[in-house]
2 protein chains.
Amino acid sequence: MTGDSDGRRTNTRQRIREVALELFAERGYDQTTLRGIADQLGVTQAAVYYHYRTKEDILTSLLDDLIEGMDKIIEWGPTLEPGPERRLGVLERYSALLAATFEKAPQLIRFLQESQTSIKDMAAGAGIRERFQGLKALLVDPAADIEEQLSAQLALLALHLGTFALDEVDADRGARGAAALRVAMRLAGAEHPAGRSRG
Amino acid sequence: MTGDSDGRRTNTRQRIREVALELFAERGYDQTTLRGIADQLGVTQAAVYYHYRTKEDILTSLLDDLIEGMDKIIEWGPTLEPGPERRLGVLERYSALLAATFEKAPQLIRFLQESQTSIKDMAAGAGIRERFQGLKALLVDPAADIEEQLSAQLALLALHLGTFALDEVDADRGARGAAALRVAMRLAGAEHPAGRSRG
DNA sequence: GTCTATACTGCGATAGAC
DNA sequence: GTCTATCGCAGTATAGAC
């Protein structure tokens, strides 16, 4: 549904997305200009406008797949009873979604994590926030105490960090993702059904 | 050293800081304009320029005290041997620093957390990043495995979240901060000297 | 499908009066 | 200490040629 690989004669549309994401992640959304994207692509700024009606549309197109994936998890979650098993399932699925996202858009999660403020007033940004809360609600009872809620939020954050943090450590994305999943499981109490909620 | 309460006849300088932070946190640094700050203050944009030479100077002044506080912890840390005791001390001190920061600038940590990308190219932003790494280095051996490094980073992040996350929960800042500290301690292995580094 | 050229807006910053 | 006025520039976006 993203609009790739239809009958187009060039791949400019896809290349715009790649370059835009690179610049978004590096300098932030606001400081990334359409001229900058066009320059790096070797086309003019007007050519970018041909493919995307606005700058925000580029961002939206970048987030499409991720939002769709989050929705799938949010739909699936309630088919299980609340508990460690569901928490585990949510974390595993989200971890897989982030890994898939990384394949197509390596810097997207970092960008989302570190530019929340600048995109929260746009539809796509608000959509991500909303779904993030939806995922969190699958991990922890909204009536639970602060410590548990914080832990649940951190569990999701751990998965995010797994896609971009610790670049300096000599480990590939897969190893980081796996480590992040373990940390997240521990935080959310997704492994040993007993023995949490008291420290 | 921030420049308050000297022999000035008005408090505009301080009020600029308050309004600026509010807007930075709400819309981000880039989307906050000097005109916007001036308008909310009921003065003109030129009046703002009288007190701060540039927009970046306002940001810098906002981060001064925090950076100073981080430096103190980074100086103090190495006086202890690496281990659970030091980790506990670092987390406690950082938690206290964040609480003090919250008193003077309630939204500062949220802003830093959610606008990293947009300020990382400015001196003050880079300074914060640097010190954050310094704190992390006091919590975990740079040669440790990914899982431990991720946990250490998450521990610091937990303290950040304690200052602004979970607004919806009915608990005051103190309770959130205390809960965050407990979660951070668990993450960093700052309570039970044995029993970590293997999951 | 991509270009040139340009309209329009709003930004940060400065000069100089009061 | 604050103002009015304005400069220079960069941003998004559009019209229309090729």
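Chain letters run A, B, ... following the sequence lines, proteins first, then strands; residues in each count from 1. Values below: all heavy atoms of this structure, side chains included; hydrogens, waters and symmetry mates excluded.
Contacts classified as ring pair (Phe, Tyr, Trp, His ring centres under 6.0 Å) and involving residues 20-46 of chain B (residues at least two apart or in different chains) are given here: B/Phe24-B/Tyr29, B/Phe24-B/Phe111. Pairs engaging residues 86-107 of chain B under the ring pair (Phe, Tyr, Trp, His ring centres under 6.0 Å) rule: B/Tyr94-B/His160 [sequence neighbours left out].
Applying the side-chain hydrogen bond (donor to acceptor under 3.5 Å, both in side chains) rule to B/Gln40 yields the partners B/Glu22; only residues at least two apart in sequence or on another chain are considered. Remark: A/Glu114 engages A/Arg110, A/Phe164, B/Gln116, B/Thr117, B/Arg129 in a side-chain contact (heavy atoms from CB on, under 4.5 Å) (not counting sequence neighbours).
Considering only side-chain atoms of B/Ala46, the nucleotide from D/dC3, C/dC3, D/dA13 that sits closest is D/dC3. Nearest nucleotide to the side chain of A/Thr12, out of C/dT2, D/dA13, C/dA13: C/dT2. Checking C/dT4, D/dT2, D/dT12 against the side-chain heavy atoms of B/Tyr50 singles out D/dT2 as nearest. You'll find that the side chain of A/Lys55 is closest to D/dT12, out of C/dA13, D/dT12, C/dC3.
What separates CG of B/Leu41 from P of D/dG1 is a distance of 14 Å, to the nearest Å. Rounded to an integer number of Å, the gap from B/Gln45 CD to C/dA13 P is 9 Å. If you measure from atom CZ of B/Arg53 to atom C1' of C/dA13, you get 11 Å, rounded to the nearest angstrom. If you measure from atom CD of B/Glu56 to atom C1' of C/dC11, you get 16 Å, rounded to the nearest angstrom. Residue A/Asp30 contributes atom CG, which lies 12 Å from atom P of C/dC11 at whole-angstrom precision. Separating the NE2 atom of B/His51 from the C1' atom of C/dA13 is a distance of 16 Å, rounded to the nearest angstrom. One can place CZ of A/Arg13 at 16 Å from C1' of C/dT2, the figure rounded to the nearest angstrom. Between the OH atom of A/Tyr49 and the C1' atom of D/dA13 there is a distance of 4 Å, given to the nearest Å.
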Would you check, one step at a time, whether the test salt bridge (charged side-chain N to carboxylate O under 4.0 Å, His left out) holds for A/Glu92 with A/Arg87? CA-CA 9 Å; A/Glu92 282 175 342; A/Arg87 292 197 286 270; over 6 Å; no

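At a non-hydrogen distance threshold of 4.0 Å, B/Thr32, B/Thr33, B/Leu34, B/Arg35 from residues 31-40 of chain B come into contact with DNA chain C.
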Can you give me every donor-acceptor pair (side chain of residues 131-138 of chain A, partner residue at least two apart or in another chain, under 3.5 Å) with its distance?
from, atom 1, to, atom 2, distance (Å)
A/Arg131, NE, A/Asp71, OD1, 2.8
A/Arg131, NE, A/Asp71, OD2, 3.3
A/Arg131, NH1, A/Gly127, O, 3.2
A/Arg131, NH2, A/Asp71, OD2, 3.2

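Under 4.0 angstrom from either OP1 or OP2 of C/dC3 there lies at least one side-chain N or O belonging to A/Thr44.
A salt bridge links B/Arg182 and A/Glu147; the closest N-O separation between the charged side-chain nitrogens and carboxylate oxygens is under 4.0 Å.
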